Amino acid sequence: MKHIISFTFMLIFFSYHAQNYELKDKTLIKYYNLINEAEKKIINDSLIEADKLYAEAFKVFKYPHAKDLFNSMKVALKTNNMPLAFNNYQTLKCLGKNFDEIFFNENFKKNSYSKLLPCKNVIDYNYKKKLDSLYNIDQYYRNLSKGNYGIYKNELTRTDSITSNNLYKIIQEKGFPNEYNIGISSDNETFFHNFYFIIWHQLASNNISSQKVNFSIEINKALNSGKIRPDIAGFLLDLNNGTNDYSFFPIIMFVKNNGNTDCCYIAKSYFPENRNSIVNDKIQFINNKRKSLALPLVEDDVKKNIFYLDNKDYIFFSKTIEGYNFQSENDEEIIKKGLIKIK
């Protein structure tokens with residue numbers, strides 16, 4: 001299912017006095033720090049070191065995220081660490097990841113790995129069914145609108161209220177959904193759960209349907225329970241609170257009025273020699289906020305996003321590129337003066 005997003009240019013603003021959300025669990029902090037280091041090694045093509053870091057991380061936290069299991073599996077296959085690769089493959093299968101038979105035959109059958117062990121997790125299909133039902137309601141009028149949400153403003157206001165309030169009630173009753181009790185979203189290449197879109201649509205700046213539920217407290221609880229990845233938590237926290245506390249230096253793509261695209265650009269201030277004191281202060285603020293969620297520095301995150309443009313073997317978060325559309329070519333050229341083309 002495609003999600004059509006209209007991109008408009010927005011000035012970034014920073015909320016220095018907003019509610020503080022923080023990962024405090026020391027085990028999870030250690031786990032995510034190891035994962036961050038492993039991903040840096042992937043970018044630098046130091047796969048043996050990445051493989052060791054993943055193995056260490058999985059000893060620290062018993063319920064690693066599907067993204068980390070998948071990336072570790074890819075690294076282990078390339079370094080010929082077959083026991084780790086197959087263990088990750090098996091866990092991903094238990095979480096609902098679909099692999100075709102060709103993938104198994106090419107990577108595992110020749111190494112005498114042919115028997116899957118019983119799954120240790122149990123998928124709550126009733127819980128998943130309820131969440132899927134809410135997601136279908138969330139998407140119904142959005143799909144009908146084909147991106148022109150204003151024509152269904154009243155309907156979206158009503159359905160967003162229904163889905164958000166019901167999701168909140170379900171979370172109160174059964175806890176925050178996670179990959180180990182509802183499985184993964186196999187139709188999303190970054191394992192972004194469908195119910196996250198319900199939270200997404202409760203963004204503070206929603207001009208179609210006003211915010212009915214702010215999920216920030218529940219997101220923070222889920223983060224400290226290892227039930228949501230820090231990158232997704234930061235993304236949803238920013239949306240729910242109308243902030244840009246956890247992201248900076250997006251990779252920018254321009255969408256032409258004829259449908260063509262011009263990618264990829266980044267702000268000139270990404271390079272330290274182009275920064276002034278105001279930009280440095282903003283970056284320091286964001287890095288402090290990112291550190292509180294065990295996210296890597298924004299500079300490291302940008303390197304990962306640039307790497308991901310041409311390296312789809314691994315899974316990173318889907319919000320790598322932001323698209324902008326201008327009615328006037330002159331407006332676009334004005335914006336480009338502050339950017340550098342990186343691809």
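The basis for the numbers below is simple: all heavy atoms, side chains too, and nothing from hydrogens, waters or symmetry mates. If you're wondering where the values come from, they're calculated on a predicted model, not measured in any experiment.
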Legend entry - Minimum-distance pair of heavy atoms, taken over all atoms of Ile342 and Ile266: CG2-CG2, 3.6 Å
Inset, instruction - Take atom NZ of Lys130 as the centre, draw a 6.0 Å sphere, and report whether it contains more than 12 heavy atoms from other residues, nucleotides or ligands. - result: no
Inset, instruction - Classify the side-chain pair Tyr324/Glu322 by whether it contains a donor and acceptor separated by less than 3.5 Å. - result: yes
Inset, instruction - Heavy atoms only: give me the nearest Tyr21-Ile217 pair and the separation to one decimal. - result: CE2-N, 4.5 Å
Inset, instruction - Would you mind reporting whether Met253 and Asp262 have side-chain heavy atoms less than 4.5 Å apart? - result: no
Inset, instruction - Tell me whether Phe61 is reachable from Leu53 by hopping between hydrophobic residues (I, L, V, M, F, W, Y) whose side-chain heavy atoms are closer than 4.5 Å. - result: yes
Legend entry - Where Gln202 and Asn240 come nearest, the two heavy atoms and their spacing: O-ND2, 3.5 Å
Legend entry - Over 12 foreign heavy atoms within 6.0 Å of NZ, Lys169: no
Legend entry - Carboxylate-amine/guanidinium contact Asp51 Lys41, below 4.0 Å: no
Legend entry - Non-hydrogen side-chain atoms of Tyr196 and Ile228 separated by less than 4.5 Å: yes
Inset, instruction - Taking the side chain as every heavy atom from C-beta outward, state whether Leu293 and Tyr32 have any atom pair closer than 4.5 Å. - result: no
Legend entry - Stepwise side chain to side chain donor-acceptor pair (under 3.5 Å) check, Asn194 with Asp132: CA-CA 7 Å; Asn194 285 339; Asp132 288 343; 4.6 Å; no
Inset, instruction - Using the six-membered ring wherever Trp is involved, compare the ring planes of Phe235 and Trp200 and label them parallel, tilted or perpendicular (cut-offs 30° and 60°). - result: perpendicular
Legend entry - Nearest-0.5 Å distance that lies between atom OG in Ser247 and atom CD1 in Ile286: 6.5 Å
Inset, instruction - Check Asn241 against Ala204 and note the closest heavy-atom contact, atom names and distance. - result: C-CB, 3.8 Å
Legend entry - Pair Phe70 + Tyr314: ring centers closer than 6.0 Å: no
Inset, instruction - Hey, could you give me the CD/NZ distance between Glu37 and Lys52, rounded to the nearest 0.5 Å? - result: 14.5 Å
Inset, instruction - Would you indicate whether the side-chain heavy atoms of Lys227 and Lys221 approach each other to under 4.5 Å? - result: no
Legend entry - More than 12 heavy atoms of other groups within 6.0 Å of Lys312 NZ: yes
Inset, instruction - Describe, in one word, how the ring planes of Phe99 and Tyr89 are oriented to each other, choosing from parallel (under 30°), tilted (30 to 60°) and perpendicular (over 60°). - result: tilted
Inset, instruction - Report yes if the distance between the aromatic ring centroids of Phe248 and Phe285 is under 6.0 Å, otherwise no. - result: no
Inset, instruction - Report yes or no: does Asn311 contribute a side-chain atom to a donor-acceptor pair with the main-chain N or O of Phe307 at less than 3.5 Å? - result: yes
Legend entry - Side-chain donor-acceptor contact under 3.5 Å, Asn214 with Ser216: yes
Inset, instruction - Tell me, yes or no, whether the heavy-atom count around Lys120 atom NZ, taken from other residues, nucleotides or ligands under 6.0 Å, exceeds 12. - result: no
Legend entry - Any side-chain heavy-atom pair of Arg290 and Val298 under 4.5 Å: yes
Legend entry - Ile219 to Ile199 - nearest heavy-atom pair and separation: CD1-CG2, 4.1 Å
Legend entry - Nearest-0.5 Å distance that lies between atom NE2 in His65 and atom CD1 in Ile184: 13.0 Å
Legend entry - Worked verdict on His201 versus Asn206 for side chain to side chain donor-acceptor pair (under 3.5 Å): CA-CA 7 Å; His201 295 147; Asn206 193 334; over 6 Å; no
Legend entry - Charged tip of Lys304 within 45° of Tyr308 ring normal and under 6.0 Å: no
Legend entry - Leu295 and Lys289, any side-chain heavy atoms less than 4.5 Å apart: no
Legend entry - Flag side-chain contact, heavy atom, 4.5 Å: Phe215 against Tyr168: yes
Inset, instruction - Taking the six-membered ring for Trp and the full ring for Phe, Tyr or His, determine whether the centres of Phe86 and Phe108 are under 6.0 Å apart. - result: yes
Inset, instruction - Go through the steps for Tyr31 and Asp68 under the test side chain to side chain donor-acceptor pair (under 3.5 Å), then give the verdict. - result: CA-CA 11 Å; Tyr31 169 76; Asp68 304 329; 2.6 Å; yes
Legend entry - Check: Leu134 and Ile170 side chains under 4.5 Å, non-hydrogen atoms: yes
Inset, instruction - Take atom CD1 of Ile162 as the centre, draw a 6.0 Å sphere, and report whether it contains more than 12 heavy atoms from other residues, nucleotides or ligands. - result: yes
Inset, instruction - Determine whether the side chains of Asn274 and Ser269 contain a donor N or O and an acceptor N or O closer than 3.5 Å. - result: no
Inset, instruction - Return the minimal non-hydrogen interatomic distance between Lys67 and Ile35, and the atom names on each side. - result: NZ-CG2, 4.1 Å
Inset, instruction - Assess the side chains of Asn288 and Gln284: does a donor N or O sit below 3.5 Å from an acceptor N or O? - result: yes
Inset, instruction - Determine whether the aromatic ring centres of Tyr265 and Phe254 lie less than 6.0 Å apart. - result: yes
Inset, instruction - May I have the step-by-step check of side chain to side chain donor-acceptor pair (under 3.5 Å) for Ser210 and Lys212, ending in yes or no? - result: CA-CA 6 Å; Ser210 62; Lys212 303 299 187 298; 3.2 Å; yes
